[in-house]
Participant: 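This is the structure I want to talk about, given as structure tokens.
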There are 2 protein chains.
Amino acid sequence: MLATPSTDCSIQRTLDLIGDRWTLLIVRDLFRGVRRFSRIHEDLGIAKNLLTDRLSLLVDAEIVERTPYQQRPLRHEYRLTAKGRALSPTLVAMMRWGDEWCSGGQSPTELVHDDCDTRLELQCWCTTCNVPVPPTQIDSRPGPGRALNTAKAAHG
Amino acid sequence: MLATPSTDCSIQRTLDLIGDRWTLLIVRDLFRGVRRFSRIHEDLGIAKNLLTDRLSLLVDAEIVERTPYQQRPLRHEYRLTAKGRALSPTLVAMMRWGDEWCSGGQSPTELVHDDCDTRLELQCWCTTCNVPVPPTQIDSRPGPGRALNTAKAAHG
DNA sequence: GAGGTTAGTTGCATATCGAAACCAACTTCC
DNA sequence: GGAAGTTGGTTTCGATATGCAACTAACCTC
């Protein structure tokens, strides 16, 4: 969680916010509806001081918001913001990878389409052609956010 | 990088392997074709002892393989295995998130569909309905890899 | 008013990190 | 043939982060 000297890489910037051992697990719990300090604490087994620290970093980063769920005694819960919910594909990607490569292809939990109960895949999607795009049809190029760099074969 | 007591969660298992500040950046460099110790070292600014450590963990995890690229002096380079290349969607997801939320929507690098040059989104895809599935239409259920757990609203 | 619940803070031992120095096996330059 | 450079590390050590346990505070229930 260092202030890295702003390299022009979105992966780097993302990891600066969520790239430690606990943060994404906290976000996962919030997705699952585990929203209170004590519940997250017991679910993850994270030390309380670290949980306090990580939650406040997440709130600072506007990934999570802290809202009261009762007065007297005043208690807060933690909820994902739109920015936080946008981490969904990242978590899904990790989950699918873990399923495939760390659990012998057997998912502990499956994600399915609520309409038809089909197990979901994660893919790149072209909004123009309206088709999924496999890795082989992906090109990369320097984007509007700072150029100057070579950015040749930037990904796969 | 602790030996976590095997919780039934693929996200957890994935983070046990790649969930620290450097590992995914190393993987990103390998995707980009930066494969040698000294090049990764200077590109990331990572301490050499940590790079040695992380590379050997990646090799142990079979995400990376170490192969000689010359004899006399014997030198090795690091290449992604199939398991490592399968991390592509995870990196793409993080890249898109960082573009959207940490770079003011301005991508330093864009991924585009080679057919039509449209910037790509990463989404869940239902192979039955042949449509992209937004987070709100995702359900989750216990999978074949170990059941017993409650696994109610597990994701979105 | 004793005990429980929730959400923390504080203090301290230990583990991990980061920077720099050092090392070894070569190669190239002069 | 000796000096300096390159690559890929290992070692050392002070700084930082982590994990555990104890403590606190505000309230509620019995």
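Below, read A as the first sequence line, B as the second, and so on, with proteins coming before strands; counting in each chain starts at 1. Scope of the values below: all heavy atoms of this structure, side chains included, with no hydrogens, waters or symmetry mates.
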Participant: I want to check one thing: is the phosphate of dC17(C), taken as OP1 and OP2, less than 4.0 Å away from some side-chain N or O of Arg54(B)?
Facilitator: yes

Participant: Quick one: which of dA26(D), dA21(C), dA17(D) gets closest to the side chain of Arg75(A)?
Facilitator: dA26(D)

Participant: His41(B) near the nucleic acid: base, sugar-phosphate alone, or nothing, with a heavy-atom cut-off under 4.0 Å?
Facilitator: nothing

Participant: What's the closest nucleotide to the side chain of Arg36(B) if the choices are dG9(D), dG8(D), dC28(D)?
Facilitator: dG8(D)

Participant: Side-chain contact test, heavy atoms from C-beta onward, threshold under 4.5 Å: evaluate it for Ile63(A) versus Leu57(A) and give yes or no.
Facilitator: no

Participant: Is any side-chain N or O of Arg35(A) closer than 4.0 Å to OP1 or OP2 of dT6(C)?
Facilitator: no

Participant: Students often get this wrong, so: under 4.0 angstrom with heavy atoms, is Arg39(B) touching a base, only sugar-phosphate, or nothing?
Facilitator: nothing

Participant: Given atom CG of Asp20(A) and atom C1' of dG19(D), what is their separation to the nearest angstrom?
Facilitator: 14 Å

Participant: Whole-Å distance between dT6(C) P and Tyr78(A) OH?
Facilitator: 14 Å

Participant: Are any non-hydrogen side-chain atoms of Gln123(A) and Thr127(B) less than 4.5 angstrom apart?
Facilitator: no

Participant: Does a side-chain N-to-carboxylate-O contact under 4.0 Å join Arg141(B) and Glu110(A)?
Facilitator: yes

Participant: For dG18(C) and Trp22(B) - does any side-chain N or O of the residue sit under 4.0 Å from the phosphate oxygens OP1/OP2?
Facilitator: yes

Participant: Just the dot-bracket of DNA chain C, please: which string comes out with Watson-Crick or G-U pairs under 3.5 Å, [ ] for crossing, | for another strand?
Facilitator: ||||||||||||||||||||||||||||||

Participant: Taking 4.0 Å as the cut-off, does a side-chain nitrogen or oxygen of Thr52(B) come that near to OP1 or OP2 on dG9(D)?
Facilitator: no

Participant: His76(B) NE2 to dC26(C) P: how many Å, rounded?
Facilitator: 13 Å

Participant: Between the side chains of Tyr78(B) and Arg66(B), does any donor sit under 3.5 Å from an acceptor?
Facilitator: yes

Participant: Write down the distance between CG (Leu51(B)) and C1' (dG8(D)), rounded to a whole number of angstrom.
Facilitator: 10 Å

Participant: Among dG19(D), dC26(C), dG8(C), which nucleotide sits nearest the side chain of Pro73(B)?
Facilitator: dC26(C)

Participant: Side chains of Ser10(B) and Cys102(A): does their closest heavy-atom pair fall under 4.5 Å?
Facilitator: no

Participant: Does a side-chain heavy-atom distance below 4.5 Å link Arg36(B) with Tyr69(B)?
Facilitator: yes

Participant: Of the nucleotides dG19(D), dG8(C), dT7(D), which has the atom closest to the Lys48(A) side chain?
Facilitator: dG8(C)

Participant: Write down the distance between CG (Leu25(A)) and C1' (dT18(D)), rounded to a whole number of angstrom.
Facilitator: 15 Å

Participant: Closest nucleotide of DNA chain D for Arg72(A) versus for Asp53(A): which of these residues is on the 5' side?
Facilitator: Asp53(A)

Participant: Can you check the Leu50(A) CG to dA7(C) P distance for me, whole Å?
Facilitator: 18 Å

Participant: Could you tell me whether Lys83(A) and Glu100(B) make a salt bridge, using a distance below 4.0 angstrom between a side-chain N and a carboxylate O?
Facilitator: no

Participant: Please give, in whole Å, the distance from dC26(C) C1' to Gln70(B) CD?
Facilitator: 9 Å

Participant: Rounded to whole Å, how long is the line connecting atom CD1 of Ile46(A) with atom P of dT9(C)?
Facilitator: 13 Å

Participant: Name the closest nucleotide to the Phe37(B) side chain, picking from dC17(C), dC27(D), dG9(D).
Facilitator: dG9(D)

Participant: In terms of the nearest nucleotide of DNA chain C, which residue is placed more toward the 5' end: Asn49(A) or Tyr69(A)?
Facilitator: Tyr69(A)

Participant: Look at Arg96(A) together with Asp99(A) and state whether they make a salt bridge at an N to O cut-off of under 4.0 Å.
Facilitator: yes

